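What's counted below: heavy atoms across the whole structure, side chains too, no hydrogens, waters or symmetry copies. Convention: sequence-line order gives letters A, B, ...; per-chain numbering from 1. Since the structure is predicted, the reported quantities are computational estimates derived from the model, not experimental observations.
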There are 2 protein chains.
Amino acid sequence: MSDERRLTPRGQERRDQIIAFATARFASHGYHPTSVADIVDGLGVGKGVFYWYFDSKETLFSEILRSAQTDLRRRQLAASASVEDPVARLGAALRESVAWSAEHRELATLFDFALTDERFAPLIQAGRAALVDDAATAIRRAARTGRLGADDPELAAYAIFGVATILTAEFLHRRDGDPDAIADAVVTFCLRGIGAATPPRPVE
Amino acid sequence: MSDERRLTPRGQERRDQIIAFATARFASHGYHPTSVADIVDGLGVGKGVFYWYFDSKETLFSEILRSAQTDLRRRQLAASASVEDPVARLGAALRESVAWSAEHRELATLFDFALTDERFAPLIQAGRAALVDDAATAIRRAARTGRLGADDPELAAYAIFGVATILTAEFLHRRDGDPDAIADAVVTFCLRGIGAATPPRPVE
DNA sequence: GGAGAACTTGACCGATCGGTCAATTGGTGG
DNA sequence: CCACCAATTGACCGATCGGTCAAGTTCTCC
């Protein structure tokens, strides 16, 4: 039920099971159309199991969103932290986020839905703001060192986010394209968009 | 009920009323949480009224989506058809779509949700494809006449769509920014993104 | 082996859902 | 004034929703 409960390893496993199954159902059928009964039936357990691990369907969904966002941000930071040049760093972060999206196809749909529900939207916006802020910082640094348009860095950062989002959704998830090629396209378009020179080729 | 029914002027009015009210509720509370009972209660009419004009909640929503999309496309074409230069034409279309979004704040949320429901997603994707195709055509023409990166025009068109979508959502709808300034930012970023020269200033 | 915590069961609850329909009312043309 | 159709009413339907809970089972540790 409540926030923290001592879980045995078996309990942890069950909890993870629920999260995994619910995530898949939410993504494929939608949040509202997926009932708690669907989830427990799909897992072959009684309804009480669900409420032993989660307060409500709503808190489960929030937790899914939250952990997905922190996971993405962590990976993005890990991939770009060591890169010195701000433009290259931005490119690395972008490539990593495309790679992450390729590994978590379902989550984009969840994010989309969450944005349309007033209970979940603030969560998504906050997570998004964190990512955007990282990008904006890189752009600001690039503007100071090299030369870049004097555009609003935050606005440019959002634009970049938008490009990554839609190209990922359309070409990666819907058309099953090659993640590397898509990442290239995202980086090319965005670096040009902020007025940076043609992208330094991927480092690997 | 069914598809076509002779409607008196009074009937047309009622139908429009339902569409307007339902659109607002769907946008502010979400599709699923808005019940047919909510809609008819909000309008102060009996439940039968709803089913006199619409087959189901689902068809009503589909109609809202469809007419919104055709309206946007029509306006975009009207605003850009007369512009000869492909790059300028692209800019005009982008500006018009930002203006349209400013007049229809609610609809973005509806589109977002629709994308997450397998019943509605194809509708949105088709409408989106039409808009993207217009942009891709302009890009292709520009690439032939002037010089532009040899990037995939369709991919670039989707990227442009993504930029317009997110900047509109964040700066126009959420932060209530100035539509013209936002349109400028969209155009600047996107034209640079496709490798076109700094934008020709707005014509007005 | 026993006590207590972790875990599981599934019947049950009140509320609400989308949708139906027989009966009624309003308006209009003949 | 009547006939007819558009429009409206609201009680009603079966299904399903998120959530509860008393009871039972399994695990762990002393």
#### Entry: Nearest-neighbour nucleotide for the Arg14(A) side chain, dC7(C), dT9(D), dT8(C) considered
dT8(C)
### Query
Whole-Å distance between dG18(C) P and Phe54(B) CZ?
15 Å
### Query
Quick one: Asp41(A) CG to dG18(D) C1', roughly how many Å, whole number?
14 Å
### Query
With a cut-off of 6.0 Å (strictly less than), are more than 12 heavy atoms of other residues, nucleotides or ligands near CD of Glu13(A)?
no
#### Entry: Euclidean distance, atom NZ of residue Lys47(B) to atom P of dC17(C) [Å, nearest integer]
8 Å
### Task
With heavy atoms under 4.0 Å as the rule, sort Val49(A) into base, sugar-phosphate or nothing.
base
### Query
Choosing from dT9(D), dG19(D), dA7(D), which nucleotide comes nearest the side chain of Tyr51(A)?
dG19(D)
### Summary
Between Glu96(A) and the options Arg74(A), Arg73(A), Arg75(A), the salt bridge (Lys or Arg N to Asp or Glu O under 4.0 Å) test singles out Arg75(A)
### Query
Between Glu13(A) (CD) and dC7(C) (P), how many Å, whole number?
11 Å
### Task
Measure centre to centre between the rings of His32(A) and Phe113(A), then say whether the value is under 6.0 Å.
yes
### Query
Hey, does Arg192(B) have a side-chain heavy atom less than 4.5 Å from the side chain of Asp151(A)?
yes
### Donor/acceptor link under 3.5 angstrom from Lys57(B) side chain onto base of dG19(C)
no
### Query
How long is the line joining CG of Asp38(B) and C1' of dG18(C), in whole Å?
12 Å
### Query
At under 4.0 Å between heavy atoms, what does Gly48(B) touch on the DNA or RNA strands: base, sugar-phosphate, or nothing?
base
### Nearest-neighbour nucleotide for the Leu7(A) side chain, dT8(C), dC7(C), dA7(D) considered
dC7(C)
### Message
Measure CD1/Ile39(A) against P/dG19(D) and give the value in whole Å, please.
### Response
11 Å
### Query
Charged N to carboxylate O under 4.0 angstrom, Arg105(B) versus Asp176(B)?
yes
### Query
Given dA7(D), is OP1 or OP2 found less than 4.0 Å from the side-chain N or O atoms of Thr8(B)?
yes
### Message
In this structure, how many angstroms lie between the P atom of dG18(C) and the CG atom of Leu60(B), rounded?
### Response
12 Å
### Side chains of Gln69(B) and Arg66(B), donor plus acceptor under 3.5 Å
no
### Query
Rounded to whole angstroms, how far apart are CD on Gln12(B) and P on dA6(D)?
14 Å
### Task
Taking Asp38(B) for its side chain and Ser35(B) for its backbone only, find out whether a donor-acceptor pair lies under 3.5 Å.
yes
### Message
Would you say Trp52(B) places a side-chain N or O within less than 4.0 Å of OP1 or OP2 belonging to dT8(D)?
### Response
no
### Message
Does anything in residues 27-35 of chain B come within less than 4.0 Å of DNA chain C? Heavy atoms only, and list the residues if so.
### Response
Thr34(B), Ser35(B)
### Query
Does the pair Asp180(B)/Arg95(B) count as a salt bridge with the N-to-O cut at 4.0 Å?
no
### Nearest to side-chain heavy atoms of Tyr53(A), which nucleotide of dT8(C), dG19(D), dA7(D)
dT8(C)
### Message
From C-beta outward on Arg10(A), which listed nucleotide comes closest to its side chain: dA6(D), dG19(C), dT8(C)?
### Response
dT8(C)
